[in-house]
Amino acid sequence: MSELESEYRLEYFEENDFVRKECPSCGAHFWTRDHDRETCGEPPCADYSFIDNPGFDEAYTMEEMREAFLSFFEDNDHARIDPYPVAANRWRDDVLLTQASIYDFQPLVTSGETPPPANPLCISQPCIRMQDIDNVGRTGRHTMAFEMMAHHAFNAREEAEGEYAYEGEVYWKNDTVRYCDELFESMGANLDEIVYIEDPWVGGGNAGPAIEVIYKGAELATLVFMSMKQDPEGEYELKDGNRYSPMDTYIVDTGYGLERWTWMSQGTPTVYEAVYPDMIAFLKENAGIEHSEDEEQLIHRAAKLAGHMDIDEADDMDVARDNIADKLDVNVSELTALTRPLEDIYAIADHCRALAYMFGDGIVPSNVGTGYLARMVLRRTKRLVDNVGIDAPLDELVDMQAKRLDYHNRDTIRDIVRTEEAKYRKTLERGSRRIEQLADEHAGTGDPIPTDELLELYDSHGIQPDMVKEIAEERGATVDVPDDFYSLVAARHDSEQAFQDQDETDDRLRELPDTEKLYYEDQQRTEFEAVVLDVFEREEGYDVVLDQTMFYPEGGGQPADRGSLTSEDLTAEVSDVQIRDGIVLHRTDRDPGKGEFVRGQVDVTRRRRLMRHHTATHVVGYAARQVLGDHIRQAGAQKGTTSSRFDITHYERITREQVKEIEHVANEIVMDNHPVKQEWPHRHEAEEKHGFDLYQGGIPPGTNIRLIHVADDVQACGGTHVKRTGDIGCIKILNTEPVQDGIERIVFAAGDAAIDATQRSEDALYDAADVLDVTPQEVPDTAERFFTEWKERGKTIDRLKSELAEARAAAGGDEIDIDGTPVVVQRLDGDTDELRKMANAFVDEGKVAVLGSANGGSATFVVGVPDDVDVNAGELVGQLAQKVGGGGGGPADFAQGGGPDVDELDDALDDAPELLKSVLNA
RNA sequence: GGGCUCGUAGAUCAGUGGUAGAUCGCUUCCUUCGCAAGGAAGAGGCCCCGGGUUCAAAUCCCGGCGAGUCCA
């Protein structure tokens, strides 16, 4: 780290008479104007000194503080940028949630491939961090949801001119620190109390020097100077043990916590009271929490020490609590009783904000991805709400935050919360029953409920061990939750996933120029001429590279075109088309020859069908959004020639009624015959105009992107489309199915494929009608009638068999007497059911029944024995069945068996009296 | 995406290879002025679907469909 020391010797520090010091408590190096300062000033090396003693001239609300920050940087020539969604997986696939403002510009802007929306810029980016979830509410300063205010500058080294999407240096370290100082100054802060701690930053393959900004005990900002990338040959070894080397781009990445700044300006006991005063007041009142003057005092004093309550840093929460109680000279349990409900309330307000962000940005609860995170937060919040005794419905609490955040889809958000809450309630009900059952089993034994059971309850049924303890102990069972419970859960899941290697790039391929894509110029044309630039021999066939092509390569869920390439000498069939780094590869069965002129012919019928389905996909997506709500987003799509599937995010099953409505809306768009337009605007222009909903099928790289307009629907899309919606013909939804929790699949057909599909289902109906000999309209009623009749007949047959069995039994059989016991041995070819009924009938008359049958190619025996006769039916059947090459068994009073040797049946029955005799005598 | 659990009467669930069950609910009757409750009788099951193993599958095996849950 010492290698980085020079990185922090800034001219700005020198000019303003800062001194560099080492904290005697934690060893960190820091810069300060106060030459007498000793510690770094950050908890646990110091306490908060701004509670009840705000660090700024005025108290700001969160909204005011955001505006103050952004306008400060606007006045300093930064462009103000609108925030991005919290669902970062909408533009990158390496993370789920937006955790910092720099996430907005990774990876394309930070790497220099795409220009930033402005340079320099400022933003206030909503973020969600799940890592600190256990600290939320307790430390007074941690939140899961927060806004990271930031200013960024994207610099490129002068040597690298022209290689990146931005050039030269905007500003670097000195200006960044100066801005920070000036911002503090504009708020009326005491500059002598600001501490700049040296704290190198490493993460995500990048690194650089960084400075933590501490004021009155609170970390208010982090200034990161991202300038290095991971490199095994690099000259710097950083704290993660890896080596790093300088990059060509270097980026100012700052983070100013909006909530902390607001808190600092108000000096409330906790950050939560500063940022959600109304909601906290509401929750307190609803939960019936009131404090006396003395209690209020105590809470304030505890808050100043609460910086020590950090699960990561303090070894143990209880120790930290003890510490605080000790310093305040009060009883720990008293303090806990006072602060615990407050901590829950703070967490609820924070969690509700996180949920509002998530659902507001279109995340749908699920068992995977961001949806799962949302579900976890919601369930946790629900537990807290119940715990602290708040009776307001959860959707109302979330709505309070959604309203404050000004989301326009509040009805959907509430609906999602209610649906999800109901699901959780069911899970809890199921869980309670399971626990009660388990508790009753173990209550008498004196042993605690086994840990395995606890693990399964949690892992397979989502039941918290706390809940098991609570319910089970009420029923007199003991529960020991092991301390390492969650690591035991983790142990059940340890399976490594293999990473796929990237296929090596072909050097010869890289030399070739990008293929000119004629299919974008005129999507209706299917014939073209081209020059063969190169031919690669593959295991099966050839990959042909042309200078230009009409063939659409597989992409965006649209399958590749097929067709042929014809030269003077031969015609090669094109069976597949792929694109690699801008070069289109045509897979053919013959080699047309490098340098040849060829005429390309795309399979027209196939292409037309694909185009219809592709445009139809946009239309169906738009219609689904109209019918189901704005949260609908594409979660995957695959176009085909006979049908296409389109996966959408939705929180419940799509009903039949909704399907019909979607179909109507979609076909109206078709009938209105809207033009389908394409354009290639600059990506920033497009984003500004249409927002992130543009990127339904993923984010394309590049400065300009292709937009497809279908009626009011706009999407970034690289596929081929029909000219007007009327060309689709018609759209028929064939099916909907759940792909995973929170994602529904719509299967549909367009154009002639829709007709084909409709005809197929009609055929099925007609065939069914034919079988039933009724009209198609009568099929449902008739089917129901038949099914009911069929069931009734089954019952009738059953009854008749019983009656028949009784009648036969009454008629008596070849009854013999063995040692005073009446025995009937009889062959009667019927099914097992009949034999059983007859055997029962004989037994009712006090007779032993030995019945045999040859039915369906095998021999069957049933033996019934009255209670007062000492014969083991199971054994007897076993012996009889052996004679026909099979086996059998059953309880002592009633048994069945059989075997394949039907011919031996009569002999076996003949032997029955003898066998019986020996069993009786035994 | 991966792991685990579960699909049996209207509901909740027993049933681990040998005659499909319990509780609640439902219907009818009795008791009651009426209700709650009680008593008696009864109806109600393609044991999720399709294969396989077996003399025999609700039960065991494989596949599918559906539900739940945990992890990334």
Check nucleotides 47-50 of chain B against the protein and report each pair of N or O atoms closer than 3.5 Å, with its distance, or say if there are none.
none

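When the P atom is compared between C26(B) and C35(B), the two are found 14 Å apart, to the nearest whole Å. Using atom C1' as the reference point in both A43(B) and C62(B), the two lie 38 Å apart (nearest Å). Taking atom P on both nucleotides, G34(B) is separated from C30(B) by 11 Å, rounded to a whole Å. With P as the reference atom, G10(B) and C6(B) are 22 Å apart, rounded to whole Å. With P as the reference atom, U8(B) and C60(B) are 15 Å apart, rounded to whole Å. Using P as the reference atom, A57(B) and U19(B) are 12 Å apart when rounded to the nearest Å. Separation of the P atoms belonging to A40(B) and A14(B) is 27 Å when rounded to the nearest angstrom. Taking atom C1' on both G45(B) and A58(B), the two are 11 Å apart, rounded to the nearest angstrom.
The Phe787(A) side chain lies nearest to C46(B) when the options are A72(B), U5(B), C46(B). Minimum atom distance to the side chain of Asn367(A) is reached by U69(B), of the listed U69(B), G66(B), G45(B). With U5(B), C55(B), G68(B) as the candidates, the nucleotide lying closest to the side chain of Lys423(A) is G68(B). Set against A20(B), C70(B), G18(B), the side chain of Asp459(A) has C70(B) as its closest nucleotide. Residue Lys795(A) has its side chain nearest to G45(B) when only G1(B), G68(B), G45(B) are considered.
At the heavy-atom level, Gly898(A) lies under 4.0 Å from base atoms of the strands shown.
Here the side chain of Asn872(A) pairs no donor or acceptor atom with the backbone of Ala892(A) at under 3.5 angstrom.
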Intra- and interstrand pairs of RNA chain B - dot-bracket, Watson-Crick/G-U under 3.5 Å, | marks other strand: (((((((..((((....[..)))).(((((.......))))).....(((((..]....)))))))))))).
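With the nearest nucleotide of RNA chain B identified for both Gly899(A) and Ile463(A), Gly899(A) has the one nearer the 5' end.
Each of Thr649(A), Thr412(A), Ile662(A) was checked for a side chain to side chain contact (heavy atoms under 4.5 Å, CB included) with Leu628(A), and the lone residue meeting it is Ile662(A).
For C13(B), one of the phosphate oxygens OP1 or OP2 lies less than 4.0 angstrom from a side-chain nitrogen or oxygen of Arg433(A). The phosphate of U69(B) has neither OP1 nor OP2 within less than 4.0 Å of any side-chain N or O from Arg430(A). Contact check, Gln896(A) against C55(B): no side-chain N or O comes under 4.0 Å of OP1 or OP2. Considering only side-chain N and O atoms, Lys791(A) lies under 4.0 angstrom from the phosphate OP1 or OP2 of G45(B).
A cation-pi arrangement, defined by a distance under 6.0 Å to the six-membered ring centre and an angle within 45 degrees of its axis, is absent between Arg129(A) and Phe146(A).
Two residues are said to be in side-chain contact when any heavy atoms from C-beta on lie closer than 4.5 Å; Arg90(A) and Tyr84(A) fail this criterion.
By the criterion of a centre-to-centre distance under 5.5 Å and near-parallel planes under 30°, the ring of Tyr458(A) forms no stack with the base of U69(B).
A donor-acceptor contact under 3.5 angstrom links the side-chain atoms of Asn840(A) to the base of U19(B).
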